There are 2 protein chains.
Amino acid sequence: MNQKILIVEDEPKLAQLLADYLTQSNFSPVIIDNGLQVTDWVKTNRPALILLDLMLPGKDGMTLCKEVRQFSQVPIIMVTARVEEIDRLLGLELGADDYICKPFSPREVLARVKAVLRRTQPDSRASNDGVVLDEDRYKASINGKELPLTAVEFHLLKILHADPGRIYSREQLMNHIYSDHRIVSDRTIDSHIKKLRKKIADISPDAEIIHSVYGVGYKFELC
Amino acid sequence: MNQKILIVEDEPKLAQLLADYLTQSNFSPVIIDNGLQVTDWVKTNRPALILLDLMLPGKDGMTLCKEVRQFSQVPIIMVTARVEEIDRLLGLELGADDYICKPFSPREVLARVKAVLRRTQPDSRASNDGVVLDEDRYKASINGKELPLTAVEFHLLKILHADPGRIYSREQLMNHIYSDHRIVSDRTIDSHIKKLRKKIADISPDAEIIHSVYGVGYKFELC
DNA sequence: GGCAACTTCCTCAAAATTTACACAATTGCG
DNA sequence: CGCAATTGTGTAAATTTTGAGGAAGTTGCC
């Protein structure tokens, strides 16, 4: 195993207890004790799961959950002090994957962590990147938010998204988009990429999904 | 009635029992016994409601629920064997409209299905778009007002209306209209669309029902 | 045959999108 | 750091696509 688990918890003893339990089960826990560093850390470190306390100094768990969901589908388990809280959270549709009430036994937490990972990992990245493309409707969405695209933009995103991480040269992209082997300038692709990025940024500012690779081309990738 | 209900359930006897009960109440149930085909099927067949088992081969119900919610608001009832509260909460959080615990009486299921449909249909425009097509008589109407159409126009409207939101290319429309693979100019389709729009505007000036999608084709959609 | 309704096509203008271009910003590398 | 290559961006031109008004061709019917 040895998957990274981020524990966001300001009570040091509790955090350490959780971390110890997770370590015993061959996870690699990391503790952050305030809300401010979370999103940045998640972006660079891509944990397999986040245990997120609701009450935090800096930024509260709800805000964080929403923020993280802007750019990532990483499983999140929310930790709350009171049972009543859960109903309220459910209503808000924050996108958390599970909820745990304090006081909890570390054993229980471990069970939940494993359950959530089991649930989310089998088919994770492939279709769980938050990007949905409906070819019949030419409708695209990111994390449920609608992304209005023109035909070329839709095709571009479709190609890149079909194989995340794979880098396509501008020429390859053009060949995929135009069945006739029309030749257009490389800047043209850049231009479409620009518009695509702009539209994505408009609805989901933190989702950096389309990356350029110097001297090679473009790729789709979370983070 | 005769609305399509999708049953996603891997236990054949149980699935058949549900299907029988639904049929008796004039629904049209369809059974899928594994998670992998679900999203595709839903996209093409647009059922009125989904009964979704939590435990499935292929993909589990929760993942499916999330996936379907990415592109559709179709009512979903989650069926679970585990009574524990947490599963219910999870199911609800994912955007399910109701949940049922096994073992259940088919009568109970039927009641839930009807209740959910009652709740969700008033504002589901699938059947509430005011468009009525009588194929036997080639008679069409919008909001009760008669719409006199020629054969080609009627076919066009029928195709587009059958799957609101889906975009059809001119070629697809031609192929649907002409069983012989006659080739007519793209402008021909435009011409029929123009006339269809005019006739619709004549009886219902505010109904912008047929939309063109630049570079792709035409679609039917309210608003 | 002649009429009326329908279908198909044509042309031109308007609308939307795509492409190009020039220049700015960034990156890789010594 | 500084240079060369590559990528990003604002803007405007070029192209493609669509809409509207017929005209011409078909079909069915009296």
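A note on names: the letters A, B, ... follow the listed sequences, proteins ahead of strands, and every chain is numbered from 1. Because the structure is predicted, anything quoted here is derived from the model rather than measured.
Taking the side chain as every heavy atom from C-beta outward, B:L49 and B:L117 approach each other to under 4.5 Å. The shortest distance between side-chain heavy atoms of B:E171 and B:H176 does not fall below 4.5 Å.
Between A:E153 and the options A:K198, A:K195, A:K199, a side chain to side chain donor-acceptor pair (under 3.5 Å) holds for only A:K199.
Note: NE2 (A:H192) to C1' (D:dT9) measures 14 Å, nearest angstrom. When the P atom of D:dT7 is taken as reference, atom NZ of A:K219 falls 13 Å away, rounded to whole Å. D:dT7 atom C1' lies 16 Å from atom NZ of A:K195, rounded to whole Å. Rounded to whole Å, the distance from CD1 on A:I193 to C1' on D:dT7 is 11 Å. Rounded to whole angstrom, the span from the CG atom of B:L196 across to the P atom of D:dT18 amounts to 16 Å. The distance from atom CD of B:E208 to atom P of D:dT18 is 17 Å, rounded to the nearest whole Å. What separates OH of B:Y214 from C1' of D:dG19 is a distance of 13 Å, to the nearest Å. Atom CG of A:D186 and atom P of D:dG8 are 12 Å apart (whole Å).
Sequence order on DNA chain D of the closest nucleotides to A:S212 and B:H211 puts A:S212 first from the 5' end. Between B:V184 and B:L149, the residue whose closest nucleotide on DNA chain C is further toward the 5' end is B:L149.
Among the protein residues, A:S191 comes within range of the nucleic acid bases, having at least one heavy atom under 4.0 Å from a base atom. Nucleic acid contact for B:K198: none, since no nucleic acid atom lies under 4.0 Å from a heavy atom of the residue.
One can find a donor-acceptor pair under 3.5 Å joining the base of D:dG8 and the side-chain atoms of A:R187.
Considering only side-chain N and O atoms, B:R170 lies under 4.0 angstrom from the phosphate OP1 or OP2 of D:dT18. At the phosphate of D:dG19, OP1 or OP2 sits under 4.0 Å from a side-chain N or O atom of B:Y218.
A pairwise comparison of heavy atoms in A:E146 and A:K139 identifies OE2-CE, 3.6 Å as the closest pair.
Aromatic ring centres of B:Y138 and B:H155 lie closer together than 6.0 Å.
Along DNA chain C, read 5' to 3', the first and last nucleotides having any atom under 4.0 Å from a heavy atom of chain B are C:dC6 to C:dT17.
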Quiz item: Is there a side-chain hydrogen bond (donor to acceptor under 3.5 Å, both in side chains) between A:T23 and A:D20 once you walk through the steps?
Solution: CA-CA 5 Å; A:T23 307; A:D20 290 348; 5.1 Å; no
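The side-chain tip of A:R170 does not point at the ring of A:Y168 from less than 6.0 angstrom away and within 45° of straight on.
Among D:dG10, D:dT16, D:dT7, the nucleotide with an atom closest to any side-chain atom of A:D190 is D:dT7.
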